[in-house]
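Here's the structure, in structure tokens; my notes come after.
By convention in this document, chain letters (A, B, ...) are assigned in the order of the sequence lines, proteins followed by strands, and residues within each chain are numbered from 1.
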There are 2 protein chains.
Amino acid sequence: MSLELTPVQTVACCSPLSREPLSESEAEGIVPLLKALGDPVRLRLMSLVASHEGGEACVCDLNDAFELSQPTISHHLKVLHEAGLLEREKRGVWVYYRARTDALSGLAALIGGQVQ
Amino acid sequence: MSLELTPVQTVACCSPLSREPLSESEAEGIVPLLKALGDPVRLRLMSLVASHEGGEACVCDLNDAFELSQPTISHHLKVLHEAGLLEREKRGVWVYYRARTDALSGLAALIGGQVQ
DNA sequence: CTTAAACATCGACAAGTGTAAATATTTACG
DNA sequence: CGTAAATATTTACACTTGTCGATGTTTAAG
């Protein structure tokens with residue numbers, strides 16, 4: 001098995017939280033996703049992108065939704081991208097971000113997975 | 001409606017992340033849960049308690065699972081408790097924590113809820 | 001080539017966070 | 001009462017993080 005795991009694999013690797021104790025390394029693989037979502041601006045950015053028409057949004061649209069500087073939004077998008085929650089695609093001068101719904105649903109399954 | 005929301009209400013208040021953009025206040029209600037889980041020690045603590053027999057665990061059991069000081073574990077448990085993810089019950093000298101599985105599943109539904 | 005627009009990176013700083021040592025609190029037991 | 005054990009609180013400190021201004025990079029249009 002490769003050491004480089006996609007976000008989907010990272011989340012799929014583990015039993016649900018309530019089934020058996022997470023190992024230290026499992027926890028450290030999941031925490032970056034939770035940290036990335038654990039900021040109000042990033043959570044709203046994630047929701048904005050995920051709910052946007054076509055499943056993607058341009059940075060220019062996202063900047064206008066916040067009263068924050070452009071570098072700050074760019075920083076938050078980078079965090080979400082590096083956590084594997086957003087895909088990044090450049091088209092001309094514009095950059096479009098797309099939500100990794102597989103990563104989201106995988107994380108949800110890990111957190112909320114019931115024993116039966 | 002009361003201003004003091006239970007964790008379940010906090011999470012149940014909102015549409016799934018991918019359905020429509022989260023408002024600022026909605027995001028700020030959810031972020032504490034994600035921040036609480038966004039630390040490897042707390043995520044493992046949560047998993048330890050949730051997967052423990054009887055659905056609860058004594059602090060004395062939890063301390064032994066980490067090479068961390070007792071005050072540090074106590075601090076992390078407090079964070080999880082104040083986020084509404086752990087219930088706290090004192091019996092004699094011992095304190096038992098119990099996982100709020102409703103809060104976990106509510107959070108999971110918010111993160112992973114698909115449009116269809 | 002110049003210029004402008006979209007976005008990213010860098011540098012700096014205030015605020016927040018994880019940790020441990022010391023101490024306090026609560027409970028049980030003689 | 002006095003002592004010991006389980007847990008919480010306080011204090012302090014190093015480290016991380018969110019933010020912005022300044023600057024860099026890339027692309028398109030004249």
Rounded to whole Å, please give me the gap between [atom1] in [X] and [atom2] in [N].
X	N	atom1	atom2	value
A/Phe66	C/dC7	CZ	P	15 Å
B/Lys78	C/dT17	NZ	C1'	14 Å
A/Asp61	C/dC7	CG	C1'	14 Å
A/Leu80	C/dC7	CG	C1'	16 Å
A/Asn63	C/dC7	CG	C1'	9 Å
A/Leu77	D/dT19	CG	P	12 Å

Sugar-phosphate, base or nothing in reach of A/Tyr97, heavy atoms under 4.0 Å: sugar-phosphate

salt_bridge(B/Glu82, B/Arg88) N-O dist < 4.0 Å: no

Salt bridge B/Arg91-B/Glu56, side-chain N to carboxylate O under 4.0 Å: yes

Once rounded to the nearest 0.5 Å, what's the spacing between atom [atom1] of [X] and atom [atom2] of [Y]?
X	Y	atom1	atom2	answer
B/Leu85	B/Glu87	CG	CD	11.0 Å
B/Cys58	B/His52	SG	NE2	8.5 Å
B/His81	B/Leu86	NE2	CG	8.5 Å

Listed pairs, N/O of protein and of nucleotides 15-17 of chain D, under 3.5 Å:
none

Residue-phosphate contact under 4.0 Å: A/Tyr96 side-chain N/O, C/dC7 OP1/OP2: no

Below 4.0 Å: OP1/OP2 of C/dC7 and any side-chain N or O of A/Arg88: no

Per-nucleotide protein contact string for nucleotides 20-30 of chain C (B base, S sugar-phosphate only, - none; heavy atom under 4.0 Å): BBB---SSS--

Pairwise side-chain contact, A/Ile30 with B/Leu37, heavy-atom cut-off 4.5 Å (strictly under): no

Should [X] and [Y] be regarded as members of a common hydrophobic cluster, given that ILVMFWY residues are connected when their side-chain heavy atoms come within less than 4.5 Å of each other, either directly or indirectly?
X	Y	answer
A/Leu77	A/Phe66	yes
A/Val79	A/Leu62	no
B/Val49	B/Tyr96	no

